[in-house]
Number of protein chains: 2
Amino acid sequence: MLEVRAVDTRERILDASEKLFMANGFDGTSMRLITGAAGVNLAAVNYHFGSKESLMQEVFRRRLDWLNGERLRVLDEMERKSGGKPLKPSQIVDGFFGTLLRMAQDEAHGGITFLRLLGRTLTEPSDFIRTFLAKEYSEVMERYKAALFKALPDVPKAEIVWRFHFMLGATSYAIAGTDALRLVTDWQIEDADATDRLDRLLPRLMSFLLGGLRAPLPQFSATA
Amino acid sequence: MLEVRAVDTRERILDASEKLFMANGFDGTSMRLITGAAGVNLAAVNYHFGSKESLMQEVFRRRLDWLNGERLRVLDEMERKSGGKPLKPSQIVDGFFGTLLRMAQDEAHGGITFLRLLGRTLTEPSDFIRTFLAKEYSEVMERYKAALFKALPDVPKAEIVWRFHFMLGATSYAIAGTDALRLVTDWQIEDADATDRLDRLLPRLMSFLLGGLRAPLPQFSATA
DNA sequence: TTATCATTCAAACGAACGTATGAATTAAAG
DNA sequence: CTTTAATTCATACGTTCGTTTGAATGATAA
């Protein structure tokens, strides 16, 4: 089939890109850095992926296809079991965010590296990557929003959408910051390795997210 | 005094940089783009600021000095009034995050543009900017963490630090995304202008943050 | 007016960027 | 073994990058 070296090269490039884009961002990562780290020729990226932008998209597609597929599978399964009745908010939140964090514990799906890349990319919206992510996320977002609307019929939809947004933010930060940012603390607390911190992060994050999701509705001031 | 043109030029560069760094990131914004938008000569940035990195730091310093000064002033005032008794969590959260969002409504302090820049930068940690932000934030972080420890004596400190981190994330996203990201929704809901959305964002965000901060503590599984 | 000095300006520097090319290399197919 | 096509390779293209330079400009002070 003539593809033994090709597949290897593609994977090596994707793996190296994932790490480097995470560490330096898209603009901060050159083709020479990528191909150097991957141990392949400079021209290999353009040969296998066409361009740097296409490479970036492929880095995300490789992980997101699996992640969002899994999210939909989990949601389907929960809705099947519930037999038409609304799910509990904690189930929905776990299906979306728990699935993400559990993926990060699986090195076969990119581990924590991809998770950090995702977290940082969601706030660097280059046009081409925003367009790509919007398409990649559209189905799973619609499904999970619908599940939340059904689970919380008394909460205005706009409020749920905002709180979904807040949950995304808290999660991305928790991820991107597990050792990138040290604004909040110097992290002498809990000097365990990253994977171990991830074990404890999930229940911590879930408590926070559910507390926020179920918080009393805000009172808008009359002057607004 | 010979400084009339100089001051103008500096301000014009800082204003243009703030907008462009927000829209394109640090690496994605060239000196020629900045000086072109500011209507000044290409060499002006290096003359007035020394380098692109120093310019970036000055863009942040100009706003953060005011913001974090205000945060400390508000905290001092609250602690003075309380007379040694612990503050309420809602007061502390409002002092930190409310002050941030209220600053965004004041165009004289950068308005929503700087807020978005800050939100996006906190997840793009270039070495030089992370070091700079860590120093710029150290005092205000210590003071607010201490206030939360005192306000929530029964909650483990590590838990409070994590939740502070989650709150930062939710806030940054809420800001960065008010029209950057459209993953969650297409925002036909609430087609008001940005400033008006900001009015309603504060109570929404505060409810969410307080709900998360006061959520029941997580139960760690025994196998972790 | 003249001397002084901060600022602005046009122009250029070498380095690094993403991409393209055409020849070498490799492995499968006939 | 020969042919064929996929892949790798060294090299170079044109562009853009951040920064530097030295002369021109402008306002202040003597």
Side-chain angles (χ1 to χ4, degrees), chain A residues 1-60 62 117 121 124 126-129 131-132, chain B residues 1-61 117 121 124 126-129 131-132:
Chain A
M1 284 295 222
L2 259 179
E3 286 175 6
V4 178
R5 285 180 306 162
V7 169
D8 269 3
T9 300
R10 278 181 60 97
E11 295 280 318
R12 294 167 63 86
I13 290 173
L14 289 172
D15 290 342
S17 303
E18 194 169 66
K19 288 194 185 75
L20 291 168
F21 285 147
M22 181 269 283
N24 314 316
F26 181 75
D27 289 316
T29 303
S30 71
M31 304 286 262
R32 286 163 180 83
L33 201 59
I34 292 171
T35 51
V40 304
N41 187 270
L42 170 61
V45 169
N46 288 284
Y47 177 78
H48 286 285
F49 300 95
S51 69
K52 192 185 177 187
E53 291 199 356
S54 301
L55 167 62
M56 178 65 144
Q57 291 187 12
E58 197 54 37
V59 167
F60 277 94
R62 177 171 72 147
L117 172 61
T121 305
E124 310 182 46
S126 318
D127 269 345
F128 87 93
I129 200 72
T131 304
F132 171 77
Chain B
M1 283 299 215
L2 260 178
E3 285 174 5
V4 177
R5 287 180 306 163
V7 169
D8 268 4
T9 300
R10 276 182 62 98
E11 295 281 318
R12 292 167 65 85
I13 291 173
L14 288 172
D15 289 344
S17 303
E18 194 170 65
K19 288 195 187 74
L20 291 168
F21 285 147
M22 181 270 281
N24 315 316
F26 181 75
D27 289 315
T29 304
S30 72
M31 303 286 261
R32 285 162 181 82
L33 201 58
I34 292 171
T35 52
V40 302
N41 187 269
L42 169 61
V45 169
N46 288 281
Y47 176 77
H48 286 284
F49 300 96
S51 70
K52 192 184 177 186
E53 291 198 356
S54 300
L55 167 62
M56 177 66 143
Q57 291 188 13
E58 198 53 37
V59 167
F60 277 95
R61 195 192 321 278
L117 172 60
T121 306
E124 313 181 43
S126 318
D127 269 345
F128 87 93
I129 201 72
T131 305
F132 171 77

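Just so it is clear: chains get the letters A, B, ... in the order the sequence lines come, proteins before strands, and each one is counted from 1.
Atom CG in A:Asn46 sits about 15 Å away from atom C1' in D:dT11, given to the nearest Å. Summarising the geometry, the separation between CG on B:Asp8 and P on C:dT8 is reported as 9 Å, rounded to the nearest angstrom. Taking atom OH on A:Tyr47 and atom P on D:dA5, their separation rounds to 13 Å, with Å as the unit. If you take CZ of B:Phe26 and C1' of D:dC17, they are 12 Å apart, rounded to a whole angstrom.
For A:Ala43, taking side-chain heavy atoms from C-beta onward, the closest of the listed nucleotides D:dT21, D:dA10, C:dT19 is D:dA10. Set against D:dA10, C:dA10, C:dT19, the side chain of A:Leu42 has C:dT19 as its closest nucleotide.
Between A:Asn41 and D:dT7 there is no side-chain polar atom (N or O) within less than 4.0 angstrom of OP1 or OP2. The phosphate of C:dT8 has OP1 or OP2 within less than 4.0 Å of a side-chain N or O from B:His48. Considering only side-chain N and O atoms, A:Thr9 lies under 4.0 angstrom from the phosphate OP1 or OP2 of D:dT8.
Counting heavy atoms from C-beta on, the side chains of B:Leu14 and B:Leu55 come closer than 4.5 Å. Considering only heavy atoms from C-beta on, B:Phe49 stays 4.5 Å or farther from B:Met56 through its side chain.
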Every protein N/O lying under 3.5 Å from an N/O of nucleotides 14-17 of chain C:
{"unit_1": "C:dC17", "atom_1": "OP1", "unit_2": "A:Ser30", "atom_2": "OG", "d": "3.3"}

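Every pair tested for side-chain hydrogen bond (donor to acceptor under 3.5 Å, both in side chains) that includes a residue from residues 19-30 of chain A fails, sequence neighbours excluded, so the list is empty.
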